[in-house]
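Structure first, commentary second.
Basis for what follows: all heavy atoms, side chains included, without hydrogens, waters or symmetry-related copies. Bear in mind that the values here come from a model prediction, so they are computed numbers and not experimental data.
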Amino acid sequence: MLVKCCKTLTRLRSCRSLSGAANLQNTATSLGQAVRQADTVDVLDLQESADLLCVNLMCEKVGDPCICRLSRVLEKLHHLTRLNLANNQLISLPESIGQLVQLQYLDLSNNRLQSLPDTMQQLRQLKVLHLKGNSDLATLPDLLSLGSLEKLCVDDVLAASLPAGLRKLTQ
């Protein structure tokens, strides 16, 4: 038995520590990787990602941030718990974001969001929402339905317009 375990352990040469092994997550850092691992990916980190630039030569948004591909990928990520879309100059989010019912952490910082889709009200497991650096964002959908929300990071201007129930979550 010990020999069998040692053979298995020799495959873990790059492993330095097993602390936190219970919290291991399958992270994708591109839309293509997310699609290939759709059944197992829990984290999608697209901070400052070229994947969110439109490459369709027939589209008026070619070279600009675009959510078309993101929308199609999000529809396939049923186990996603963390999504980082910070620093992408996004103007909007796809409605399909509401399908991420297991999402707990969402970073939308430093984009150019003008509004958030009403489907975000379906993110009942969401604990942390980062919205700082979206100066064009004037209003939020009714986030009071997000009973799990513990932390809401917004700019001072937006924080002043929040309902009292959400203002206590801002930092």
Side-chain angles (χ1 to χ4, degrees), residues 5 8-9 11-56 61 65-134 137 140-154 166 169-171:
C5 290
T8 302
L9 288 175
R11 294 185 209 142
L12 296 174
R13 289 185 184 127
S14 64
C15 183
R16 300 284 183 251
S17 168
L18 291 178
S19 65
N23 296 325
L24 291 178
Q25 295 179 317
N26 187 6
T27 301
T29 56
S30 71
L31 292 175
Q33 184 182 17
V35 169
R36 287 189 300 278
Q37 300 172 354
D39 291 338
T40 59
V41 71
D42 336 86
V43 177
L44 181 55
D45 187 353
L46 295 176
Q47 181 172 333
E48 267 184 278
S49 177
D51 272 7
L52 298 177
L53 295 177
C54 183
V55 293
N56 182 350
K61 293 184 178 185
C66 181
I67 59 169
C68 298
R69 289 176 35 214
L70 176 63
S71 179
R72 290 190 300 270
V73 171
L74 291 182
E75 291 171 357
K76 298 175 182 174
L77 302 179
H78 305 290
H79 304 290
L80 203 64
T81 59
R82 296 177 64 88
L83 177 58
N84 185 351
L85 295 173
N87 303 307
N88 282 297
Q89 300 302 308
L90 295 172
I91 295 170
S92 62
L93 293 175
E95 295 286 328
S96 59
I97 199 160
Q99 296 175 13
L100 303 175
V101 294
Q102 293 187 34
L103 197 66
Q104 297 176 17
Y105 176 94
L106 179 57
D107 191 343
L108 301 171
S109 302
N110 303 313
N111 281 291
R112 297 182 311 167
L113 294 172
Q114 297 173 352
S115 64
L116 297 177
D118 288 334
T119 57
M120 285 191 57
Q121 296 174 26
Q122 299 168 22
L123 302 178
R124 306 248 191 260
Q125 301 299 315
L126 193 65
K127 294 180 181 178
V128 178
L129 177 58
H130 290 272
L131 292 171
K132 283 191 174 188
N134 286 286
L137 188 61
L140 295 175
D142 179 16
L143 298 178
L144 290 172
S145 62
L146 303 179
S148 297
L149 195 62
E150 298 170 358
K151 184 175 181 182
L152 178 62
C153 300
V154 295
L166 287 177
L169 302 175
T170 63
Q171 295 184 357

Taking all heavy atoms of [X] and all of [Y], pick out the closest pair and write down the distance.
| X | Y | answer |
| --- | --- | --- |
| Ile97 | Pro117 | CG2-CG, 3.8 Å |
| Pro65 | Leu53 | N-CD2, 3.8 Å |
| Ile91 | Arg112 | CD1-NH2, 3.3 Å |
| Leu44 | Ala34 | CD1-CB, 3.9 Å |
| Val154 | Lys132 | O-CE, 3.4 Å |
| Arg124 | Leu146 | N-CD2, 4.1 Å |

Do [X] and [Y] have side-chain heavy atoms sitting under 4.5 Å apart?
| X | Y | answer |
| --- | --- | --- |
| Leu70 | Leu46 | yes |
| Ile67 | Leu93 | no |
| Leu77 | Leu83 | no |
| Asn26 | His79 | no |
| Thr29 | Asp51 | no |
| Glu75 | Gln99 | yes |
| Leu108 | Leu137 | no |

State the [atom1]-[atom2] distance between [X] and [Y], to the nearest 0.5 angstrom.
| X | Y | atom1 | atom2 | value |
| --- | --- | --- | --- | --- |
| Gln114 | Asn134 | CD | CG | 10.0 Å |
| Lys127 | Glu150 | NZ | CD | 5.5 Å |
| Leu31 | Arg36 | CG | CZ | 10.5 Å |
| Leu123 | Gln102 | CG | CD | 11.5 Å |
| Cys66 | Asn56 | SG | CG | 8.0 Å |
| Gln125 | Leu80 | CD | CG | 13.0 Å |

Tell me if a side-chain donor or acceptor on [X] pairs with a main-chain N or O of [Y] at a distance below 3.5 Å.
| X | Y | value |
| --- | --- | --- |
| Asn88 | Ser49 | yes |
| Asn110 | Ala86 | no |
| Ser96 | Leu74 | no |
| Asp107 | Ser109 | yes |
| Asn111 | Leu85 | yes |

Open item on the list: Going by ring pair (Phe, Tyr, Trp, His ring centres under 6.0 Å), name the pairs with one or both residues in residues 91-130, residues two or more places apart or in two chains.
Closed with: Tyr105-His130

Task: For Glu48, side chain to side chain contact (heavy atoms under 4.5 Å, CB included) partners two or more places apart - done: Asn87

Open item on the list: Can you tell me which residue among Leu100, Leu149, Thr81 is in a side chain to side chain contact (heavy atoms under 4.5 Å, CB included) with Leu126?
Closed with: Leu149

TODO: Check step by step if side-chain contact (heavy atoms from CB on, under 4.5 Å) holds for Asn84 and Val43.
DONE: CA-CA 8 Å; Asn84 185 351; Val43 177; over 6 Å; no

